[in-house]
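Every chain is numbered from 1, with letters handed out A, B, ... down the list of sequences. FYI, side chains are in, hydrogens and waters are out, and symmetry mates aren't considered; it's all heavy atoms of this structure.
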2 protein chains.
Amino acid sequence: MRRPLTFDPIDEAGRQWSQRWDHVEAMRAATSIMRAQQIVLARVDEALRPWELTFARYEVLVLLYFSRQGRLPLGKMGDRLMLHQASITNLVDRLEQQGYLRRRPHPTDRRTTLAELTEQGRSIIEAATKAVVEARVGLSELDADDSDHLYRILTKLRLGAGDFEPDRSRSDRHRGD
Amino acid sequence: MRRPLTFDPIDEAGRQWSQRWDHVEAMRAATSIMRAQQIVLARVDEALRPWELTFARYEVLVLLYFSRQGRLPLGKMGDRLMLHQASITNLVDRLEQQGYLRRRPHPTDRRTTLAELTEQGRSIIEAATKAVVEARVGLSELDADDSDHLYRILTKLRLGAGDFEPDRSRSDRHRGD
DNA sequence: CAATATTACTTTGTGATCAAACTATTTGTC
DNA sequence: GACAAATAGTTTGATCACAAAGTAATATTG
């Protein structure tokens, strides 16, 4: 049912917007981000289909894969991935059903649950990542410069949103504060 | 429960990623896009809360607002907003309940349904947009150059995803095709 | 002009996310 | 040590998006 458009709908919306309101650039950028997210998500999900993984579940596995022991508390994973507790619970439920990780009690703190990569989990991550890399993480149209630029601009945004606080205790402090 | 991070989680993930796999820049950019979308969505939704609108429903109203007669077929709105038919149906359901638009039969084609802005709909769009513009559409940390850059880079992506086909029948055709 | 295909929208079911409420455990304080 | 506050994770209920199937109307064609 999708009819192809012969014009950029965001550019067109921008034209109308700018006749009445301010900050067209922000409007165009924000709308582009929304759309870009859909595109990336769809492409990565597609690349991950053979393992029945979604981007979100894949990120959980990669995070575990990167951890020293292959296991982390659920809460810590939520912090790192900027996800809600309930979302982590759901993702881990699903990954546990799939046999890619298992829950383990924390050795000392009985409140916390650890997610631990299974052998199967570890090995599919390597295969799945190969597919994700081949798909250029959904950004095949962009070269390294474009991607870096994107990352740098969006980091300003993430910083402003309080995602993280650059560690000011060591080195590069310039502004007199 | 959110613990503040003292480092950029994407930068950290990139460090690990680059030790094993290719295309770190794409990985960082893609992850940033995912996160940026969450941030923008949360901020715009927040700005729209007084009217009980979400970004998605707001976009539907703005699209109608921009149309000559304040009414459009549901299908056309889906094309413009890159949304699935069912999503449009849901959004229009909700906006109709809220009294911001109403469904109207198409005068000649009895298959198509038009969504038509109500007076209330028209007036709240103006107020709601004021709030959205004040929030800089969720991108307060970015200047006009950043936003333009973002837009231009992401347009490459959207073009590659087949979102639209630049009209090659008129003007600027350079490459010999 | 009847059969078939296409188009427009709705319905239903599923997956993902979040907020809020809940249980269990640990930490802090007097 | 007892009790309040904080922390970890789960459960429940809402919203939103999409896929697939269903209904209705229009267009095509033999």
Candidate pair B:Asp11 and B:Arg15, rule salt bridge (Lys or Arg N to Asp or Glu O under 4.0 Å), full reasoning: CA-CA 6 Å; B:Asp11 184 49; B:Arg15 223 184 310 279; 2.9 Å; yes
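Below 30°, between 30° and 60°, or above 60°: for B:Tyr58 and A:Trp17 the angle between ring planes is above 60°, a perpendicular geometry.
Using a 4.0 Å heavy-atom criterion, one finds that B:Thr89 contacts the bases of the nucleic acid, with or without backbone contacts as well.
Rounded to whole angstrom, the span from the CD1 atom of A:Ile39 across to the C1' atom of D:dC18 amounts to 16 Å. Atom NE2 of A:His106 and atom P of D:dT7 are 16 Å apart (whole Å). In this structure, B:Glu59 atom CD and D:dC16 atom C1' are separated by 13 Å, rounded to whole Å. The CD atom of B:Gln97 sits 11 Å away from the P atom of D:dC16 (whole-angstrom rounding). In this structure, the CG atom of A:Asp79 is 10 Å from the P atom of D:dG9, given to the nearest Å. In this entry the distance linking CG of A:Leu41 with P of D:dC16 reads 18 Å, nearest Å. A:Phe55 places its CZ atom 18 Å from the C1' atom of D:dA17, with the value rounded to the nearest Å. One atom, CG of A:Leu74, and another, P of D:dG9, lie 5 Å apart when rounded to the nearest Å.
Using a 4.0 Å cut-off between charged nitrogen and carboxylate oxygen, A:Glu116 and A:Arg102 count as a salt-bridge pair. Between B:Glu46 and B:Arg49 there is a salt bridge, with a side-chain nitrogen of the basic residue lying less than 4.0 Å from a carboxylate oxygen of the acidic one.
No side-chain heavy atom of B:Leu81 sits under 4.5 Å from any side-chain heavy atom of B:Leu91. Side-chain contact between A:Thr54 and A:Arg94: absent, with no pair of heavy atoms (C-beta onward) separated by less than 4.5 Å.
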Identify every side-chain donor-acceptor pair in residues 131-143 of chain B under 3.5 Å, counting partners at least two apart or on other chains, and give the distances.
unit_1: B:Arg136; atom_1: NE; unit_2: A:His23; atom_2: NE2; d: 3.2
unit_1: B:Glu141; atom_1: OE1; unit_2: B:Arg43; atom_2: NH1; d: 3.0
unit_1: B:Glu141; atom_1: OE2; unit_2: B:Arg43; atom_2: NH2; d: 2.9
unit_1: B:Asp143; atom_1: OD1; unit_2: B:Asp145; atom_2: N; d: 3.1
unit_1: B:Asp143; atom_1: OD1; unit_2: B:Asp146; atom_2: N; d: 2.7

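Under 4.0 angstrom from either OP1 or OP2 of D:dG9 there lies no side-chain N or O belonging to A:Arg110. Close to D:dT10, at under 4.0 Å from its OP1 or OP2, lies a side-chain N or O of A:Arg103.
Taking only side-chain atoms of A:Thr113, from C-beta outward, the nucleotide of D:dT26, D:dG9, D:dA8 with the closest atom is D:dG9.
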Annotated protein contacts, base or backbone, on nucleotides 16-23 of chain C with a non-hydrogen cut-off under 4.0 Å, one of B, S, - each: SBBB----
